[in-house]
There are 2 protein chains.
Amino acid sequence: MELAQIRMFKTVANLGSVAQASVALHCVPSNVTARIKALEAELKVSLFYRQGRGLCITPAGEVFLTYAEKILALTEEAKRAVDPTSEPSGPLRIGAIESSATSRLPPMLTKFHAQYPNVELQFKTGTWSQLVDDIQHHRLDGAIVAVNIDRPFLDNTTFFNEDLVLISSASADPIKSVKDIEGKAIFMWPEPCPYRAALATWLNQNKVKAPITSIASYGTIIGCVSAGSGISLVPKGVYEQYQSGMGLVGYEFEELVTIENRFIWRNDGGQFPALDAFTQMIKQNNHGE
Amino acid sequence: MELAQIRMFKTVANLGSVAQASVALHCVPSNVTARIKALEAELKVSLFYRQGRGLCITPAGEVFLTYAEKILALTEEAKRAVDPTSEPSGPLRIGAIESSATSRLPPMLTKFHAQYPNVELQFKTGTWSQLVDDIQHHRLDGAIVAVNIDRPFLDNTTFFNEDLVLISSASADPIKSVKDIEGKAIFMWPEPCPYRAALATWLNQNKVKAPITSIASYGTIIGCVSAGSGISLVPKGVYEQYQSGMGLVGYEFEELVTIENRFIWRNDGGQFPALDAFTQMIKQNNHGE
DNA sequence: TCCATCATTCATTCCAAGTGAATACTGACC
DNA sequence: GGTCAGTATTCACTTGGAATGAATGATGGA
């Protein structure tokens with residue numbers, strides 16, 4: 001069974017004549033006859049009564065006609081659904097590093113979902129290297145990372161600039177300069193983490209030594225700092241989110257420069273309305289600030 | 001777009017590999033590649049990411065896959081729906097003369113509907129010549145008539161034997177023999193009507209003259225007879241239906257033989273489960289009496 | 001690094017879809 | 001009632017597109 005046959009059958013059924021159908025289908029009547037006979041042979045059922053001029057659909061033909069219409073309508077719908085110029089729809093898989101995921105991204109996602117309800121957003125968090133790998137292997141369509149990735153297969157744009165805040169327990173001694181960090185326990189995300197790298201560079205440049213403990217969770221890091229066990233360097237968004245009621249103090253240093261969070265995505269294809277809409281929204285959002 | 005392409009696409013999408021799909025489809029890999037590329041060209045969209053070995057479905061491909069599954073499932077369903085060996089379903093168009101329609105047929109139809117709920121029964125009444133014409137021109141699938149039709153394109157079987165009853169108003173003089181009819185007004189269905197023909201033959205044989213008025217409605221005929229305006233010859237079923245409360249008297253004469261009501265249908269094809277089931281039920285019904 | 005495996009390209013083969021003339025038939029019209 | 005326009009169908013033929021098989025390039029694992 002082929003769609004060409006089904007189209008022919010539908011045309012003949014609607015027009016009630018092989019002759020009229022043949023002009024509508026831009027082919028010769030004998031061809032229409034042959035292909036419909038082939039269809040009947042495959043279904044092992046007569047689709048039309050033949051007597052005198054014209055054809056008359058059989059009950060089985062009537063039943064088949066309803067299916068034919070459904071099938072042809074579905075193919076048209078499928079064509080429209082994958083049209084690259086159509087409205088964004090289908091699945092869109094976005095990833096982000098933890099800090100963006102818990103602070104800046106959620107408003108973005110809700111806004112996007114409100115504007116494009118037909119897009120089925122899927123979301124996951126990971127380290128920047130995991131995310132880049134996911135994008136490269138088509139497990140993700142795009143991601144927010146805090147490093148400036150430069151790969152030939154990736155495009156990127158600024159998402160927002162994130163200030164870093166050194167946090168400590170309010171009950172601990174205040175940190176007025178880098179020297180005050182000497183010997184303190186530091187809680188940071190495991191490598192590779194650009195914030196951790198920024199902090200390490202700063203300490204190295206000032207020849208300050210302090211042990212860094214790896215913790216892969218902002219919640220746990222904040223908990224440790226709040227308990228007075230040590231300090232950490234976190235994005236301002238995260239600090240603001242946890243600040244109240246945790247007894248935290250934040251210190252900003254001009255040497256700890258703001259770190260740019262970027263949205264990255266594959267630059268092949270370009271026939272993905274949902275992704276285009278997402279990058280567009282990010283660019284607009286960024287431009288508006 | 002063709003079903004062969006859609007099947008190939010689905011296979012490749014499910015197996016994630018042209019090589020595996022080609023063995024599943026019993027063809028050569030290059031063919032799979034070519035046809036999927038043609039499909040992508042027609043849709044103007046990439047269905048798969050190509051990088052390294054294996055294929056990875058694109059978001060557009062994901063969307064198209066859901067349609068592909070639906071379309072293929074529908075074609076299978078259509079095939080099953082028209083299977084001549086399958087359960088009766090679809091439309092079944094039955095006709096009957098008025099007398100059967102109002103008395104003997106309704107229990108038959110309700111029984112059939114109960115047993116084959118998937119069959120969509122369509123029903124109409126008409127004269128036997130109209131009904132035969134409707135069947136010949138495929139506007140009906142079968143009909144009940146009161147004459148023994150012998151056409152090369154029709155099969156027939158006994159439905160039931162209908163006794164005829166001469167009816168008169170209870171307030172009128174009783175009719176003891178054919179002579180009592182002389183001069184009375186007679187109400188009958190218009191020609192061609194086998195009951196009318198039977199009555200006319202009886203009167204002619206006995207050289208009784210009586211004017212026959214044509215009325216194409218049992219309800220009206222009964223009304224006229226009930227009002228004492230004249231007499232009529234009706235099937236016993238109709239008489240019994242209207243008997244109570246209408247002040248009617250029925251007279252049976254052995255010269256007015258029972259008339260056989262028969263079910264007729266086209267004898268071509270034979271690939272129509274719903275019709276087969278109906279004739280089967282009629283034969284069983286008849287055999288049981 | 002080599003090698004097995006994969007997708008793809010290309011020239012070729014082959015089959016089924018399409019063609020066009022001939023035929024038989026029907027229904028309408030004079 | 002006979003003619004004729006219009007119908008579906010059959011058949012031999014052509015053709016376009018699908019299928020093939022070998023060659024190529026690229027990839028990932030050993």
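Basis for what follows: all heavy atoms, side chains included, without hydrogens, waters or symmetry-related copies. We name chains A, B, ... by the order of the sequence lines, and we start the count at 1 in each one.
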With no hydrogens and no angle check, just 3.5 Å: does a side-chain donor-acceptor pair link B:Ser214 and B:Arg196?
yes
Outer limits of DNA chain C sitting under 4.0 Å from a non-hydrogen atom of chain A, read 5' to 3', are C:dA17 to C:dG27
Check ion pair A:Arg35-A:Glu2 (N to O, under 4.0 angstrom)
no
Once you round to the nearest 0.5 Å, how far does CG of B:Asp276 lie from OG1 of B:Thr85?
11.5 Å
Please work out which of the three classes, parallel, tilted or perpendicular, describes the rings of B:Phe278 and B:Phe112, given edges at 30° and 60°.
perpendicular
N/O donor to acceptor pairs below 3.5 angstrom from side-chain atoms of residues 7-16 of chain B, sequence neighbours left out:
unit_1	atom_1	unit_2	atom_2	d
B:Arg7	NH2	A:Met1	O	3.3
B:Thr11	OG1	B:Arg7	O	2.7
B:Asn14	ND2	B:Lys10	O	3.3

Whether the A:Ser46 and A:Glu40 side chains hold a donor-acceptor pair (N or O, under 3.5 Å, no angle test) is what I'd like checked.
no
Before accepting this row, confirm whether a basic side-chain N of the pair B:Asp133/B:Arg139 lies closer than 4.0 Å to the acidic partner's carboxylate O.
yes
With the sugar-phosphate defined as primed atoms, P, OP1 and OP2, and the base as all remaining atoms, what B/S/- string results for nucleotides 18-30 of chain D, 5' to 3', for protein heavy atoms under 4.0 Å?
SBBB-----BS--
Salt bridge A:Arg266-A:Asp155, side-chain N to carboxylate O under 4.0 Å
no
Between P on D:dG6 and CG on A:Leu15, what's the gap in Å once rounded to a whole number?
17 Å
